[in-house]
Amino acid sequence: MIAGKDRSVDHYPLTIEGAPAEVDAGAEFAITCRVAPPPGSDPSGFGVSIRDRENAELAFAELSRSGGETYATDVILLKAPLSVGEHRFRAVVIVQEGDGTAYDASSTEVAFVVKAHAIRLNVWDLPTAIVAGESFTLKAGIKCSAGCKLASRKLEIFDAEGNKIGAGKLRDEVWPGTSALYFAEVECKAPFVLGNHKWEVRFAAPDSGVPHAAASLAFDVKVVDPPECEVTVEAVDADSRTPIGGARVVMHPYRALSGANGVAKLNVVKGNYKLLVSASKYLAKTRAVEVPENITIRAELTLEPVIDPASYYV
Amino acid sequence: MAKKSDIEQSEASPLDRRLQDHQDQTGVSRRDFFKAGAAAGVAAAALSLPGEALAQTAEGIQWDYEADVVICGGGASGLICAIRARDAGLSVMIVDQNFDAGGKMLHSGGQTSLGGGDPLQLRDIAGESDPEGFITVPPIHTPEELTDDVERLFTEWTDWSVVDAAAQAPYRYNEREIQRSMAENAPDARQLMMDNYVRFARIRGSNPNSGISRARQAGPFLKLGSVTDIKAGTITREDAGTLNVSASHFAPIAMNDTSDVAGPDTVGNGACLARPLEFSAREKGVQFMFNRHMDELIREQPFSGRVLGIRASYSPRQDPDTGQQLTSLWSNGNVDETRETITVRALKGVMIATGGHSGNPQFRSMFYPAMREPAFPASTWAVLGPRGQDASGIMAGMKVGATLAGMQQNLAIPITYHIPQRLATRDAYSGELPGHPTFSSRKSTGIALLGVNSFEHLIAVNQVGKRFFNEINLTKRVGLSWFPGGPSAGTPNSALDHVPLDWRNSDPDWVKQMYARHEGVHAALAMNEGSAAPDYYSGPLWAIFDSAAVERDGWNIDPPFTSLDNGYFFKADTIEELAAMIENGHEFQRVPLTHLVETVEQWNAATSAGTDPEFGRGEDAPMHPIDRPPFYAASIMVVWHDSYGGLRTNGKSQVVDLTGEVIPGLYAGGEATGSGNQHGLARAHVTGFIAGTNLAQEA
């Protein structure tokens, strides 16, 4: 309610609790107000009006006694403006006179900074060994600090020289298991430059709508020569001789998972590698491997001994 | 009555001198004086001298209850003592801080390693079954491995020469008189349990620090049936619980299938030991006062005279969600007492069987200051509650003059405190399932990882979000000293070939050969950026992983294994959000995980490079990036499980003071005592058995 008379000199000390220093554009935030009226007074029609710069009322909340001589409001929900920068609201104590007219008593400022929504980028399902000149896909994800829906926006991938090597459009649905992580399957073409590189995924700040900050994330890639040989690894249980599915087979930078038949195939450049094979419940194994041509390796894994849990639990 | 001037001149204590005067005047001896209670006049005189410690007599105190034997703690030691004393015709009251009986035993695996030619060893040597014929599997050990005697047992339990694989000596520091008494009483203690409805399966192996050369351990079991009948030895599936599904009020931990050590349709764990013993104790007329925490022993004089009884306070527990008070499974023999503080007189003696100190960070920091960290609990924390294993029994004894023993043994066994391979729950030692009244105190069973091998899929960070150790090695522990021994247990020879008391067992060349230590838990407890004076808490530990890890290793991260409401498991869209959730949601997270985002980025870069210069991952097992949302944080706990070191006792389980004198009327057993380095239940059982025997012999 807007009062007719201005009695702002009346002494109703007002404090604001919970006001954030920074808030995302357009996001909701909550405050409560606490007032200590002059001793002996028993104000009625007692409340706090939150007003913007133009004196338009954004919210009104009643004040009720909250222990001792102070009055407090319930939680007041406010929405931050969309424009980035410093903003001020004003919290005004409203008191009702005996005849029912309300007037503005003391007031205080609620100052905060509105920020563009921060963006966090993520890259996953990136091949560990990317063949020079070949096409591949990766997944890039984006999360807005306020959880905004970012579907249909674009993500782009750039190499270390700034050449664009891929782009993707964010899908409508969020990545499974997340609350607001939007993702794109990005098709890329690897440059003909071998070695370890740092590429970047970039999100351009949109021109209109809710302000979002631009963002970029550097990530490591390894570009390799085309493979020359196939290495077949058979993961088996050393005791029962049964194949082990889902075994992790790594010959850095190449890696693969074994199928249900225990077999994993890696297409690698000739050379010397350290082979690492692991599987759930088994002790991992490692050995040096030389690859001059197609080879097959049998990896026999032993179950990790479990101290009998029944005897251990005492 | 002595004049004040006389007192100032003399050197004997004022009370002693008054007693001497009294004796001189009346001919009543000091002993008779206390027994006859003819002290009214002298007691009144005592009150008249200011600043003096008050003498107390049994008659001068307002007792709320009385019994021949008052046992503080109804667990592994207390229940055995209760039955033994009751069998001798004494009246027995058990006072327990918790809402139910069983103590830590109820929550345990029930494995009891005794020996010395005990009835089970004899049964298995003869290839016999149990009276009901539930046991159908043949003996697991050969007659030679089971042939044992008291001399051999005593020798093994005090063997100077044996060291374990970390070159710690499990036996040489054991008090000889106590171990002799324990060895002599082990067979009868086993018989007592069998006579009180406990059914033991085939002997298999032994317990840590229980000896190398013979198999001495068996676990309890019950037969699945349509009713739970302790006398018949049957239990319903509902009461037994179902692994990975549910537990019950009868048993907080779902029972294991014991068909490989007993017979078909048999199950077992510590509840199959605790509940039958409790059942028998109740049947024999032992009284139980639950929700009653012993705070103080009442002794005639502060540091001399007899222990007369206890003072204990009301310690009820409520379900944290419903507010309802927790109650015991059975109630026959329960004494319902809700007054704030009461006294209980012990006509023959008090037995302290209150468990150890693993739940008292201040007490345990005497052994290892880093474990002052309250973020890390005792095992059985949910079942026993905040007042369990709080060292209160030990401290009550100390306050009337008892001293301590075995203190140096606490750090010499790798299970005392360790990092369990269970994430996302506070009491990570166990996988308690919904069904027991205390599940709502923890709210999650925990994610049980598959072994050391599972740690390939996560990184472990400290309270500021930094890695601190090779994750795959983090939970590795040195091998334990137990049958059959061998290099992993520290001895050059195994089982029947082990030679006790032989210098070659600890020959330096042998030690160098078999020596193996792992220090992951100490790295986890190290000070870091977030540690501040004066406590320098190391803070909580977090396993950080992604959805790819969960899929790769097949983890079940759904409720009841995790809870999004208990502050021990978090899920987020980004690592930044995860860090904020931990900071806001975990009760012991005192500082922000400032470095978490950077740590994950560094880890992913290391994975990309194929090498981990910081902690050496990637040498023995593949490394995986943590990059596929959603991201998870699950607590990694350090759990203090065993308590060694406690009240000093003798071969009769009597408590001993600093001068080596017995404190009349005071007994103690189990983890409240420094009675030896043997891990597990048997030490509690036998010291309780011995206490019961001697209480019956009190005049």
Side-chain angles (χ1 to χ4, degrees), chain A residues 118 120-126 128 139 141-145 147 174-183 196 198 217-222 246-253 255 257 274-286 301 303-314, chain B residues 104-105 107-112 204-208 217 219 253 256 258 261 268-270 415 429-430 450-454 456 472 480 546-548 552-554 571-577 604-605 607-611 618-625 627-630 641-642 679-681:
Chain A
R120 177 79 193 165
L121 292 165
N122 195 21
V123 169
W124 70 97
D125 283 355
L126 172 71
T128 52
K139 294 199 182 54
I142 185 167
K143 173 76 190 273
C144 158
S145 57
V174 299
W175 179 255
T178 67
S179 61
L181 192 100
Y182 291 87
F183 70 101
N196 300 326
K198 266 205 176 340
L217 173 77
F219 59 96
D220 295 296
V221 300
K222 198 181 214 49
R248 287 79 61 167
V249 176
V250 173
M251 285 168 55
H252 190 76
R255 54 172 67 212
L257 275 179
K274 181 168 179 169
L275 171 67
L276 296 156
V277 182
S278 76
S280 301
K281 299 190 188 166
Y282 289 88
L283 293 168
K285 257 197 155 154
T286 173
L301 300 185
L303 284 169
E304 181 179 331
V306 175
I307 295 179
D308 175 9
S311 87
Y312 206 66
Y313 267 137
V314 181
Chain B
K104 198 156 95 172
M105 166 175 56
H107 174 272
S108 75
Q111 303 298 308
T112 306
R204 179 170 60 183
S206 83
N207 220 290
Q217 171 173 275
I253 308 288
N256 294 307
T258 52
V261 287
N269 68 17
I415 320 174
Y429 185 77
S430 80
L450 306 171
V452 154
N453 65 85
S454 278
E456 173 188 324
I472 291 178
L480 302 160
D546 64 358
S547 60
R552 203 183 302 130
D553 208 31
K571 170 180 163 180
D573 292 355
T574 67
I575 299 290
E576 264 150 350
E577 287 170 16
N604 290 342
T607 302
S608 205
T611 166
E619 301 297 316
D620 302 318
M623 295 162 69
H624 307 280
D627 59 7
R628 199 211 291 177
H641 178 49
D642 286 351
H679 166 73
L681 292 164

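As the structure is a prediction and not an experimental result, all values here were calculated from the model. Lettering follows sequence order; numbering is per chain, from 1.
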Portion of A:Phe219 that has a non-hydrogen atom of chain B nearer than 4.5 angstrom: neither

Side-chain donor/acceptor of A:His252 to backbone N/O of B:Thr611, under 3.5 Å: no

What distance separates A:Glu304 CD from B:Ser454 OG, expressed to the nearest 0.5 Å? 8.0 Å

Heavy-atom pair with the smallest gap, counting every atom of A:Gly177 and B:Pro630: O-CG, 3.5 Å

Could you look at A:Val249 and say if it's the side chain, the backbone, both or neither that has a heavy atom under 4.5 Å from chain B? neither

State whether A:Lys143 and B:Glu577 are salt-bridged, where the test is any N-O pair (Lys NZ or Arg NE/NH1/NH2 against Asp/Glu carboxylate O) under 4.0 Å. yes

Can you name the nearest heavy-atom pair linking B:Leu450 to A:Ser280, along with the distance? CD1-CB, 3.6 Å

Under 4.5 Å from any heavy atom of chain A, what part of B:Val452 do you find: side chain, backbone, both or neither? both

Within the side chain of B:Asp627, is there an N or O that forms a donor-acceptor pair under 3.5 Å with the backbone of A:Trp124? no

Whether A:Arg255 side chain and B:Met623 backbone form a donor-acceptor pair below 3.5 Å: yes

Applying a strict 4.5 Å limit to non-hydrogen atoms, the region of B:Ala609 in contact with chain A is backbone

What's the shortest heavy-atom distance between A:Ala180 and B:Asp573, and which atoms? N-OD2, 2.8 Å

Among B:Gly451, B:Ser547, B:Gly219, B:Ala605, the residue with the most heavy-atom pairs under 4.5 Å to chain A is B:Gly451

Answer yes or no: is there a donor N or O on one side and an acceptor on the other, between the side chain of B:Glu576 and the main chain of A:Arg120, under 3.5 Å? no

Given a strict heavy-atom distance threshold of 4.5 Å, which part of B:Thr607 is in contact with chain A: side chain, backbone, both, or neither? both

Under 4.5 Å from any heavy atom of chain B, what part of A:Asp220 do you find: side chain, backbone, both or neither? both

Quick check for you: to the nearest 0.5 Å, what is the distance between B:Lys571 atom NZ and A:Thr178 atom OG1? 8.0 Å

I need the minimum non-hydrogen distance between B:Asn453 and A:Lys281, along with the two atoms involved. OD1-N, 2.9 Å

Using distance alone, with no hydrogens and no angle criterion, decide if A:Thr286 and B:Asp620 have a side-chain donor and acceptor under 3.5 Å apart. no

Scanning both residues in full, the closest heavy-atom pair of B:Ala621 with A:Leu276 reads N-CD2, 3.6 Å

Of all heavy-atom pairs linking A:Leu181 and B:Pro629, the shortest is CD2-CG, 3.2 Å

Sort B:Asp553 into side chain, backbone, both or neither according to what part of it lies under 4.5 angstrom from a heavy atom of chain A. both

Is it the backbone or the side chain of B:Thr574 that comes under 4.5 Å from a heavy atom of chain A, or both, or neither? side chain

Less than 4.5 Å to any heavy atom of chain B: does that hold for the side chain of A:Ser179, its backbone, both, or neither? both

